[in-house]
Structure formats: structure tokens, C-alpha cells
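What follows is a set of notes on a single structure, which appears directly below.
Lettering follows sequence order; numbering is per chain, from 1. Remember, predicted model here, so these are calculated numbers, not experimental data. These values consider heavy atoms only, across backbone and side chains, with no hydrogens, waters or symmetry-generated copies.
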Amino acid sequence: MSAPTRGTRYITVIVSLLAGAAVWEVAGHLTTEAFWAPLSATLQSLAEFARGGVLLRQAENSFRLYLSGLALAIVTGAPVGMLLARVRWLRVALENYIMMLYATPMVALIPFILSMMGFGFAPKVLVVFLFAVFPVLYNTVEGARSIRPELIEVAHSFRSNEWRLWCDVLIPYTLPFMMTGVRQAIARGLVGMVAAEFFLSPSGLGQMIMMGSQNFDTAGMLAAILIIVLLGVGLMDLGRFLENRFAAWRGYNR
Amino acid sequence: MSNQVRQAQPRIAMSGAGKRYGALQVFRDVDLTVGEREVLAIIGPSGCGKTTLLRCIDGLIPLTEGELTVEGEHITGPREGVAMVFQHFGLFPWKTVFQNVAYGLKLAGASRAEIEEKIPEFIKLVGLSGFEHYYPYQISGGMQQRCGLARALAVQPRVLLMDEPFGAVDAQTREILQFEMLRIWEMRPTTMVFVTHAIDEAVLMGDRVLVLKGRPSSVHEIVEVDLPRPRDRATLLHPRFAELREHVWNTLMAEARQAEFEVTR
């Protein structure tokens with residue numbers, strides 16, 4: 001069998017998506033509205049939300065929370081990861097805590113965060129941050145540590161100081177690993193966002209899902225979920241694109 | 001004559017030098033001098049500490065015993081005017097050939113204009129013109145080491161340290177690079193310390209060949225290579241070349257053979 005061409009690939013993808021949509025639609029009609037809504041009803045709900053401005057407002061709400069937490073995770077995770085990779089005693093001192101926190105299901109910490117910080121915006125950002133920061137941190141540390149010692153020796157041999165060593169060698173080498181972490185953080189942060197919106201004060205897309213569920217408005221609930229899914233897929237693609245871009249020099253990774 | 005010049009103004013001088021890692025003594029009692037336009041080849045079995053010795057001269061690691069001066073000054077760290085070519089090339093894979101070659105010069109604070117002007121010259125010197133914008137993974141091992149060589153030459157070093165530079169390339173490429181190196185050295189003669197485990201290469205490159213041997217290793221013998229320069233492929237056919245190679249071979253292999261015989265007996 002010959003390898004599939006680009007054209008047949010696209011056709012396969014489109015047919016697969018259409019089949020999925022058809023199954024969704026049919027499943028909706030075979031069950032009650034409260035249990036599963038057909039795709040058409042879901043899209044209708046979505047259109048209503050969009051028209052009423054609810055969708056935009058709630059999505060913006062969620063997005064602000066998500067991006068704040070994610071940005072905070074990247075700007076702390078990446079530099080702290082680099083530092084841990086470079087400063088041995090710091091790494092030895094902290095790596096157990098990092099592993100423990102990485103392994104902890106973050107949802108378990110939400111009641112604690114609630115009692116500590118209440119219902120504001122900050123505790124929600126903290127939840128997204130906690131979901132997202134460890135993949136960035138972990139991948140950065142492991143990546144930065146995997147550099148061949150010879151390359152650092154080359155830098156020393158050419159009389160590089162520590163600052164130049166970071167700029168010329170450590171950071172460019174670590175970037176692709178960091179981006180792998182960011183890509184994972186993008187996915188985990190989304191989970192964190194919904195969790196924060198569920199378990200702290202309800203808001204954003206999470207609130208829409210909850211309200212839909214409570215009011216037996218399955219179509220509305222699915223509409224909100226669909227938005228989150230599309231957001232997730234789009235962001236993952238962006239993450240993969242960035243990762244490949246920063247890793248082009250490896251000469252593989254395609 | 002050359003001997004006098006050498007002794008009068010050694011670029012590199014080591015006396016009673018030793019290096020120890022905890023309980024492991026790598027080498028000891030190393031005395032050597034290298035003159036201004038001299039190539040000292042260092043040969044020894046793998047694991048004898050030749051690379052360690054070279055890294056000490058580069059200032060990457062300190063000696064634990066003895067004295068080391070380069071241009072009359074004690075070595076406390078990597079020094080301006082000394083450059084190293086690494087065994088596994090040590091190229092930065094995220095930098096292009098041009099950026100790799102420019103690395104040392106850029107660190108030394110050269111302006112953009114200066115880099116734009118000088119780097120092509122060194123890329124040309126090593127025969128990499130046309131490959132400026134390739135990444136290391138896109139070029140062969142031999143070309144990668146040409147790039148490593150250009151990077152070292154670009155800082156216009158007065159001391160060039162070669163750490164088994166052709167050890168990681170295939171046999172034919174290795175021969176080509178050896179003659180390239182000889183050609184380049186004739187154009188820009190500097191003090192050179194050339195570490196290798198290949199006997200032919202040591203004799204071909206060196207004005208003297210220092211044989212490092214034993215555990216911990218020490219200077220076993222220094223062989224004067226009285227082959228005329230410039231050297232090229234014809235040098236390999238010189239009867240004296242065969243004699244010297246045989247001599248170094250015997251010096252180096254005597255113990256190894258003995259050990260082998262003891263095992264078989």
C-alpha cells in the first residue's frame with residue numbers, strides 16, 4: 001500500500017469529523033433532551049449565548065483567569081527551573097518538594113486554598129498556576145540538566161562569564177524542553193481553570209457548565225464544554241508549533 | 001637552532017605538574033616546554049590523562065601539583081590568546097556555522113562590523129564557504145570539525161590546543177583534515193599542543209612527540225621529530241617518518257605487548 005497523500009489525509013480527517021458530528025446528532029435524538037442534546041441544539045444554544053453577549057463575557061472571564069495563571073506559571077517555572085538546574089544545592093534542597101507537589105492531584109488542594117484565600121480572583125489564579133507550573137518547572141530542570149558538559153566547557157574555554165553562558169548556551173539549549181513543559185502546562189492549566197471555576201466562586205465557562213447541568217439545559221452545558229475543547233485544541237496546536245520552532249536546530253522532531 | 005629558540009622563550013612551561021582527583025592520581029611529574037612556533041604532539045593510551053593535561057593548560061581545571069605558565073604567566077583560568085579545538089567538536093547545535101565560528105570573537109567583545117568582516121575569512125580558510133548558514137546537524141562530522149577549528153582560529157590564538165581533534169571522524173576524512181591542518185598551520189604558525197592517540201598523526205604533526213604512559217601517567221619519552229617542514233602527503237613516504245613511527249610505536253606498545261604476553265602465558 002502506498003503512503004496516503006495529503007489529499008486523502010484531509011478527506012479522511014473530514015469524514016471522521018463528520019461521522020463524529022453525525023453520531024452526536026443521532027445520539028441526541030435517540031435520548032431525552034436532559035440526558036444528551038443533539039449537535040444542532042448545542043450549536044443553537046451556542047448561537048444564543050453568543051447573541052446575548054453571555055458567551056463573550058464568560059469566555060473573557062475564563063480566559064483572563066487562565067492566561068493570568070498560565071503566564072505566572074511560565075514566568076516563574078522557567079527561570080526557577082533554570083536556576084535549580086544550575087545551582088546544585090538548591091536543587092537537592094527542593095527537589096523532593098517539587099516531586100511531591102507535582103505528584104499531588106491539585107484538586108485536592110482547592111479546599112485548602114479556599115479556606116486560606118476565600119473567593120476572589122487571586123485564589124483562582126493560584127489554582128491555575130499550581131496546575132500549570134510544575135510541568136514547566138520539571139521539564140526546564142530536566143532539560144537544562146541534560147546539556148552536554150562539553151558545551152559548557154567550550155563556553156568556559158572561550159572565557160564566557162556566567163551571564164553570557166546563560167544567554168548563549170543554557171537558555172537556547174533549554175528552550176525546546178521548556179516549550180514541552182509549556183505545552184503540557186497549556187493543557188493542565190485548562191483543567192485548573194475549570195476546577196477553579198467549579199470549586200471556588202463559580203464564574204466563566206465553568207459556571208456556564210454548572211448552570212446548564214443544574215437546569216437540565218444539556219445543550220447549554222455542551223455548548224460551554226465545546227468552547228473549552230476548541231480552546232484547548234487551539235492552544236495545544238499553538239504549543240506544538242512553538243515547541244517545533246524552538247527545536248528546529250535538533251534536526252528531528254517532525 | 002630551533003632548540004635554542006624554544007628554550008629561550010617557551011610559550012608554555014610545565015614543571016613537576018600533577019593532577020589528582022581525590023585518590024586518583026591522573027598524571028604526575030610532568031615537565032614540558034613548548035616554544036613559540038612549535039608543535040608538541042602528546043600521545044598515550046586512552047585514559048592516560050592526555051586530555052586532562054590539555055584542559056589544565058587551557059585553564060579549565062587547575063593542577064594539583066607543580067607549576068604551569070603560559071607566556072610567562074601562571075594559569076588561573078582560561079586565558080586570552082589560548083584556544084581549544086574539542087574532540088567532539090563542541091559546536092552549539094542551535095547556532096549556524098557562521099554563528100559558531102563567530103562565538104569566540106563575539107565573547108571577546110568584537111563589534112558586529114568586525115565579525116562580519118573577519119568571520120568569512122576564517123570560514124574560507126577551513127574550506128566551509130557556502131555553508132555559513134547551515135546548522136551542525138546538516139553537515140558531516142569532518143565539516144563540523146572544520147567549523148570547530150575555524151571558531152578557535154577566529155580569536156587569533158597564540159596557543160592552539162587540539163584535543164584529539166580528528167578522533168571522531170572517519171579514516172579518510174581524518175587524513176584530509178590532517179593535511180588541511182598542516183596547510184593552515186604553515187599559513188598561521190602558532191604554538192600548538194596536539195593530543196592524539198594515533199601514532200602517524202603524532203609524528204606527522206609534531207616537532208616533538210611526548211609519550212605519556214603509566215598509571216598514574218608521566219612523561220615516558222620525548223621524541224624529536226626531525227622531519228622537514230612544510231609537511232604534506234610526501235612526508236608520509238619519507239624513510240625517516242617510518243623510522244620515527246616505528247620508534248614511537250615501540251615506546252608506546254612495549255608494555256601493552258608485554259601485558260598481552262603475560263596473559264597468554
Surrounding CZ of Arg20(B) (heavy atoms of other residues, nucleotides or ligands, distance under 6.0 Å), is the total greater than 12?
yes

Inter-residue atom distance Phe86(B).CZ - Arg148(A).CZ, 0.5 Å rounding
10.5 Å

Counting C-beta onward and ignoring hydrogens, is there a side-chain heavy-atom pair between Trp94(B) and Pro176(A) closer than 4.5 Å?
no

When rounded to the nearest 0.5 angstrom, what distance separates NE2 in His156(A) from CG in Asp58(B)?
11.5 Å

What heavy-atom pair brings Pro93(B) and Leu151(A) nearest, and what distance separates the two atoms?
CD-CD1, 4.2 Å

Tell me, yes or no, whether the heavy-atom count around Gln172(B) atom CD, taken from other residues, nucleotides or ligands under 6.0 Å, exceeds 12.
no

Give the minimum heavy-atom separation between Ser157(A) and Pro78(B), together with the two atoms involved.
O-CB, 3.8 Å

Side-chain (Glu150(A)) to main-chain (His88(B)) donor-acceptor, under 3.5 angstrom:
yes

A quick test of your reading: do over 12 heavy atoms of other residues, nucleotides or ligands sit less than 6.0 Å from CZ of Arg91(A)?
yes

For Phe89(B), is it the side chain, the backbone, both or neither that has a heavy atom under 4.5 Å from a heavy atom of chain A?
backbone

When the 4.5 angstrom heavy-atom criterion is applied to Gln138(B) and chain A, the contacting part is neither

Under 6.0 Å from the NZ atom of Lys106(B), do we count more than 12 heavy atoms belonging to anything else shown?
no

What part of Arg55(B) is in contact with chain A, defined as an atom under 4.5 angstrom from a non-hydrogen atom: side chain, backbone, both or neither?
side chain

Check Gly90(B) against Val154(A) and note the closest heavy-atom contact, atom names and distance.
O-CG2, 3.6 Å

Evaluate the side chain to side chain contact (heavy atoms under 4.5 Å, CB included) criterion for residues Asp168(A) and Phe92(B): first the C-alpha distance (whole Å), next the side-chain angles of each, then the deciding distance (0.1 Å), finally the verdict.
CA-CA 9 Å; Asp168(A) 297 333; Phe92(B) 299 116; over 6 Å; no

Should the heavy atoms of other residues, nucleotides or ligands under 6.0 Å from CZ of Arg215(B) be counted, would the total exceed 12?
no

Give a yes or no on this: more than 12 heavy atoms of other residues, nucleotides or ligands lie within 6.0 Å of atom OH of Tyr102(A).
yes

Can you tell me which portion of Leu161(B) sits under 4.5 Å from chain A's heavy atoms? Options are side chain, backbone, both or neither.
neither

Atom CE of Met116(A): over 12 foreign heavy atoms under 6.0 Å:
no

Tyr97(A), OH atom: more than 12 neighbouring heavy atoms under 6.0 Å
no

Rounded distance (nearest 0.5 Å) linking atom CG of Leu107(B) with atom CZ of Arg159(A):
9.5 Å

Any chance you could measure Arg151(B), atom CZ, to Phe158(A), atom CZ, to the nearest 0.5 Å?
5.0 Å

Residue part contacting chain B, namely of Phe246(A), when any heavy atom lies under 4.5 Å:
neither

